[in-house]
Amino acid sequence: MRTLDSLGEVDGKRVLVRVDFNVPLQDGEVRDDARMRRAIPTLQELLDRGAKLLLVSHFGRPKDQEPEYSLAPVAERTSELLGVEVVLAPDLDDVPDADVVMLENIRFQPGETSNDPELAERLADLADYYVNDAFGTSHREHASTAGVVEFVEHSAVGLLFQSEVDMIRQLMSDPERPFLTIMGGAKVTEKIGVIDRFLDLADKILIGGAMTTPFLRALGHSTGDSLCEDEGIEHARKALERDDYPNGKLILPEDLVLAQEFSDDTEVRILNGVDVPDGWMQLDIGSRARTRYVAEVRDAETIFWNGPIGAYEHKSFAAGSLAIAQALAAHPGTTVVGGGDSGAAMRAFGLADSITHLSTGGGASLKLIEGSPLPGLEALSD
Ligand code: 3PG
Ligand code: MG
């Protein structure tokens, strides 16, 4: 991994910095700038070293050049965070010579997501150096995250990217034990590679959230009207078998919170067991599971959490995620949250600053954990 230091003298040079400023907007303003703030140290260091910046990011998944996908609000917020003017350049043919320029949404360029070499070369021609600090997009093989590297003479990862990779590599190679992982969210299929790695490397794996359903189905329980990713049942069955459940590392909830709809004013039932009756859905772990899961967190030295434990956006089903989040925040050991929805939950509970590391990349951190190549990282590895 080539680091910022390897670039040497950048005074007076133009550095193209790929950032992941794909952040939530509301009423034309940035609603959550957490991801942006994490890239500021890289931008600040380059500015301090005398470089001029050309910032490149995608925003959303535009099909055409729809104005609601403009980076204008993001450029404005960047300017506030850096304390310097940020000029938005509408396209590649028209890049002004200001100290900090932000290129309009790179996904407005047809060749971005297809990693078109022509676009990659045009991007490279706009700068002397290339820095990738967009860890959250490093699992995409796009022109601005991977292709461009071939056409620039000097390239490196930024400080955020480097810290994300270092953290996960450390977690996977030499965690302080016991090493506990908590897997929630909806899709077993997307996370089975990660669960497999953890069956090898972790000491215990707690299962929660919608992902519990395919596991319960694989064990022959009825799950009522709970959302169930059918493809996931077979993955869950194999994981349980490999683990020699219940004598292995996987731990499932022993009680559940049920409701008939996703809403705060719906009737809630506590199920002392895991056979969900027809007409009902499991939307959170129950209080016995909560107590057990929190105790497991306390007993561990290293904890990795990915994916909400219930439908935490509704207060009736937030107790599981909140208890985990609070236990992590109070824990003195190494606590890592893998971005995505669990990261959003940590922020919603106001606890994001109380853990060791909150990843800015959900998908990217999972890929790194499962051992799949990250095109953005491969491109910058010697
Ligand atoms: C994200 O927010 O997940 C990253 O910015 C990547 O965006 P994408 O999933 O649209 O490629
Ligand atoms: Mg995503």
Side-chain angles (χ1 to χ4, degrees), residues 16-26 30-40 42-43 55-66 68-71 73-75 77-78 102-116 119-120 123 131-148 157-158 160-161 163-165 167-168 184-187 189-191 193-194 305-308 336-348 352 357-370 372-380:
L16 190 163
V17 189
R18 178 52 159 106
V19 286
D20 186 344
F21 284 179
N22 183 30
V23 293
L25 300 186
Q26 193 173 15
V30 173
R31 178 168 58 77
D32 181 353
D33 65 1
R35 255 187 179 176
M36 299 177 68
R37 282 185 281 112
R38 297 279 292 278
I40 293 300
T42 297
L43 307 185
L55 306 179
V56 174
S57 179
H58 71 286
F59 176 62
R61 296 178 178 174
K63 295 207 168 46
D64 202 351
Q65 305 200 349
E66 304 95 314
E68 65 266 34
Y69 289 107
S70 168
L71 277 173
V74 173
R77 187 77 193 109
T78 308
M102 180 177 289
L103 199 63
E104 185 52 282
N105 193 346
I106 191 65
R107 288 191 184 167
F108 283 178
Q109 303 295 328
E112 166 64 356
T113 56
S114 59
N115 192 11
D116 176 8
L119 175 62
L123 283 170
V131 168
N132 189 349
D133 215 18
F135 176 74
T137 326
S138 60
H139 53 319
R140 308 285 180 225
E141 191 165 12
H142 294 171
S144 71
T145 59
V148 60
V157 294
L160 168 61
F161 199 127
S163 74
E164 295 269 16
V165 173
M167 188 72 230
I168 294 200
K187 297 217 164 131
T189 307
E190 270 177 17
K191 298 184 183 173
V194 173
W305 179 26
N306 178 279
V336 179
V337 174
D341 292 335
S342 33
M346 286 307 289
R347 286 201 291 278
H357 182 83
L358 173 58
S359 179
T360 54
S365 61
L366 292 181
K367 283 267 183 288
L368 198 55
I369 288 171
E370 79 180 17
S372 296
L374 287 181
L377 176 59
E378 304 262 299
L380 293 166

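When a ligand or atom number is given, it counts from 1 through the structure's own listing order. Along the sequence shown, the residues carry numbers beginning at 1.
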Checklist entry - In ligand 1, which numbered atoms sit nearer than 4.0 Å to a non-hydrogen atom of Arg140? => result 8 (P), 9 (O), 11 (O)
Checklist entry - Should Lys367 and Glu141 count as an ion pair when the cut-off is N to O under 4.0 Å? => result no
Checklist entry - Is the backbone of Ser144 close enough, under 3.5 Å, to the side chain of Glu112 for a donor and an acceptor to pair up by distance? => result yes
Checklist entry - Looking only at heavy atoms of Gly363, does any of them come nearer than 4.0 Å to an atom of ligand 1? => result no
Next on the checklist: Is there a polar contact, in the sense of an N or O pair closer than 3.5 Å, between Arg107 and ligand 1?
Outcome noted: yes
Checklist entry - Should the proximity of Arg35 to ligand 1, defined as any heavy atom under 4.0 Å, be assigned to the side chain, the backbone, both, or neither? => result side chain
Checklist entry - Hey, what do you get for CG (Leu71) to CG (Leu55), rounding to the nearest 0.5 Å? => result 10.0 Å
Item to check | Any donor-acceptor N/O pair, Asp341 side chain to Pro308 backbone, under 3.5 Å | outcome: no
Checklist entry - Which ligand 1 atoms, with their elements, are less than 4.0 angstrom from a heavy-atom of Asp20? => result 4 (C), 5 (O)
Item to check | Arg61 neighbourhood, listing ligand 1 atoms whose heavy-atom distance to it stays under 4.0 Å | outcome: 8 (P), 9 (O), 10 (O)
Item to check | Over all atoms of both residues, closest heavy-atom pair of Leu358 and Arg347 | outcome: CD2-NH1, 3.7 Å
Checklist outcome for this item: Within 4.0 Å of some non-hydrogen atom of Gly136, the atoms of ligand 1 are 4 (C), 6 (C)
Next on the checklist: Under a 4.0 angstrom heavy-atom cut-off, which atoms of ligand 1 come close to Asn22?
Outcome noted: 1 (C), 2 (O), 4 (C), 5 (O), 7 (O)
Item to check | Closest non-hydrogen atom pair between Val74 and Met36, with its separation | outcome: O-CE, 3.5 Å
Next on the checklist: Is it the case that ligand 1 has an N or O less than 3.5 angstrom from some N or O of His139?
Outcome noted: no
Item to check | Close side-chain approach of Phe21 to Arg77, heavy-atom, < 4.5 Å | outcome: no
